[in-house]
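One structure below.
Atom set for the values below is all heavy atoms of this structure, side chains included, hydrogens, waters and symmetry mates excluded.
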Amino acid sequence: MANSKQNIYLASDFHFGVPNYQESLTREKKVIRWLEFIEDKAKEIHLVGDIWDFWFEYKYTVPKGNVRLLGTLSRLIDQGIEIHFYTGNHDMWTFGYLEKEIGMKVYKKPQEFTYFGKKYLIGHGDGLGPGDRSYKMLKKLFANKFLQWCLARLHPNFVLWIASYFSKRSRVANVEKDKIFHKEEEWLYQYCIEKNHKDFHDFYIFGHRHLPINIDLENQSKYINLGEWINYCSYVQITPENTSLLFFESENEMVFGLN
């Protein structure tokens, strides 16, 4: 059995804010129960993008809400647990608040870690692999400093209204359409295969796809997708013995691509 306070945990795609306030609050409380469940065993926690369905930091303003989550994360960090946050396609506009006020480590690109002698590549996953060229162009536009400056000049109420409108049209609001799975058509799977040929990692762990995925690659490497917390409440636990895709308080424990 693993000793306490040495495990690593990863989760992504909470999408706080959709589809409405009450359901988002219920999900937030569930995530907090998960954090409390793992805190006695966790050395590090990775929140791998799209924690919020929309997040944009102004100089003196951040989106209201999720004070329970932010308070819990601050408490865990104060206890010495490292919390890593990877910006996703819904919450890429973070400019220092989460680092300074909460104490999280924030990344905008996939990061490499070594745990218990195994190499891990971890990232949200948006814009990786072949295809989706229109989104890749849009992502570059969203990362443009001048565009961000222009957006910051608009009133927060207006920006958040626009974000809410487009969120309702996003795939998180139409999750049934996102359950079709064909391994050969998975862009992140293709990315992992190509990456593995050039720079071997034991595990490639991403979010974004919204399905709990566990696929064997060559040379005993694996691609794991973290799924999401609207339907699956799935997460990864890394111990000295295993890297496991698990489910928290969920009756839907389907793993796609397990082989």
Side-chain angles (χ1 to χ4, degrees), residues 1-14 30-49 51 72-73 75-77 79-86 104-105 107 110-125 128 181 183 186 188-189 191-193 195-229 231-259:
M1 180 179 294
N3 295 328
S4 62
K5 303 298 267 188
Q6 68 172 340
N7 295 351
I8 314 298
Y9 293 90
L10 305 93
S12 73
D13 294 270
F14 301 151
K30 189 170 188 176
V31 169
I32 291 171
R33 290 198 300 274
W34 172 68
L35 291 170
E36 292 171 344
F37 171 71
I38 66 174
E39 69 174 291
D40 291 337
K41 301 169 287 220
K43 179 181 179 182
E44 298 180 23
I45 300 170
H46 295 252
L47 303 178
V48 193
I51 303 307
T72 300
L73 294 175
R75 178 176 61 80
L76 295 179
I77 290 171
Q79 290 178 5
I81 299 173
E82 287 188 7
I83 297 184
H84 307 265
F85 170 66
Y86 303 73
M104 292 194 286
K105 297 181 178 182
Y107 311 104
Q111 301 293 309
E112 182 179 289
F113 294 86
T114 299
Y115 296 122
F116 311 117
K118 303 287 187 180
K119 287 179 63 177
Y120 294 78
L121 187 67
I122 304 169
H124 183 62
L128 300 180
F181 176 81
K183 184 171 67 173
E186 295 290 323
L188 278 171
Y189 173 67
Y191 169 83
C192 293
I193 290 176
K195 183 73 173 177
N196 206 38
H197 287 160
K198 299 176 181 178
D199 183 16
F200 173 82
H201 293 77
D202 296 278
F203 292 92
Y204 299 84
I205 302 180
F206 296 103
H208 185 59
R209 181 58 179 90
H210 292 182
L211 292 178
I213 296 172
N214 187 345
I215 299 180
D216 289 335
L217 305 174
E218 295 178 351
N219 303 320
Q220 296 184 322
S221 182
K222 281 184 175 289
Y223 157 49
I224 298 177
N225 197 281
L226 294 163
E228 43 81 2
W229 279 63
N231 294 279
Y232 299 104
C233 302
S234 45
Y235 66 98
V236 161
Q237 174 183 263
I238 302 174
T239 71
E241 296 79 20
N242 294 299
T243 296
S244 306
L245 181 60
L246 305 173
F247 298 82
F248 183 72
E249 296 181 1
S250 174
E251 296 180 358
N252 192 348
E253 299 187 355
M254 178 182 295
V255 178
F256 293 80
L258 185 63
N259 53 23

Below 30° counts as parallel, above 60° as perpendicular, anything between as tilted: where do the rings of Y189 and Y223 land? tilted
Check: T239 side chain, E241 main-chain N or O, donor-acceptor pair, under 3.5 Å: yes
Can you name the nearest heavy-atom pair linking S234 to L245, along with the distance? CB-CD1, 4.4 Å
Quick check: do F256 and M254 have side-chain heavy atoms less than 4.5 Å from each other? yes
Can you check whether L35 reaches I45 side chain to side chain, under 4.5 Å on heavy atoms? yes
Close side-chain approach of P240 and N7, heavy atoms under 4.5 Å: yes
Run the side chain to side chain donor-acceptor pair (under 3.5 Å) check on T243 and Y120 step by step: do they pass? CA-CA 10 Å; T243 296; Y120 294 78; 2.6 Å; yes
Any F247 side-chain heavy atom under 4.5 Å of P212 side chain: yes
What I'd like to find out is whether the side chain of I122 reaches to under 4.5 Å of the side chain of F113, using heavy atoms alone. yes
Is the backbone of S244 close enough, under 3.5 Å, to the side chain of N242 for a donor and an acceptor to pair up by distance? no
Strictly below 4.0 Å, N to O, side chains only: are D13 and R209 in salt-bridge contact? no
Would the distance check show the side chain of D216 and the main-chain N or O of K222 forming a donor-acceptor pair, the cut-off being under 3.5 Å? no
Over 12 foreign heavy atoms within 6.0 Å of CZ, F37: no
Side chain to side chain contact (heavy atoms under 4.5 Å, CB included) test vs F206 passes for just one of L10, L121, I224, namely L121
If you measure only the distance, is there a donor-acceptor pair under 3.5 Å linking the side chains of Q111 and H46? no
Can you name the nearest heavy-atom pair linking D202 to G117, along with the distance? OD2-O, 4.4 Å
Any donor-acceptor pair under 3.5 Å from K119 side chain to F200 backbone: yes
List the atom of I51, the atom of V48, and the distance in Å for their closest heavy-atom pair. CD1-N, 4.5 Å
Check whether any side-chain heavy atom of I213 lies under 4.5 Å from a side-chain heavy atom of L188, and answer yes or no. no
Is there a side-chain contact between W34 and W229, using heavy atoms and a 4.5 Å cut-off? yes
Of all heavy-atom pairs between K43 and K5, which one has the smallest distance, and what is that distance? CB-O, 3.4 Å
Taking CD in E251 as the centre, count heavy atoms belonging to other residues, nucleotides or ligands within less than 6.0 Å. Is the count above 12? no
I'd like to know whether the aromatic ring centres of H210 and Y232 sit less than 6.0 Å apart in this structure. no
With rounding to the nearest 0.5 Å, note down the distance linking CG in L211 to CD in E186. 7.0 Å
Minimum heavy-atom separation for A11 to L226, with atom names? C-CD1, 3.9 Å
Are Y107 and Y86 close enough, and set up right, to give a ring-ring contact (aromatic ring centres under 6.0 Å, His included), and what steps lead you there? CA-CA 5 Å; Y107 311 104; Y86 303 73; 5.1 Å; yes
Testing the basics here: between A42 and I81, what is the closest heavy-atom pair and its distance to 0.1 Å? O-CG1, 3.5 Å
Sub-4.5 Å side-chain heavy-atom contact between E218 and H197: yes
Between the side chains of E44 and H84, is a donor N or O closer than 3.5 angstrom to an acceptor N or O? yes
Going by distance alone, is a donor N or O of one side chain under 3.5 Å from an acceptor N or O of the other, for N196 and Y204? yes
Determine whether the side chains of Y235 and S12 contain a donor N or O and an acceptor N or O closer than 3.5 Å. no
Report, as yes or no, whether the 6.0 Å neighbourhood of atom NZ on K30 holds more than 12 heavy atoms from other residues, nucleotides or ligands. yes
Can a salt bridge be assigned to the pair E39 and R75 using a cut-off of 4.0 Å between side-chain N and carboxylate O? yes
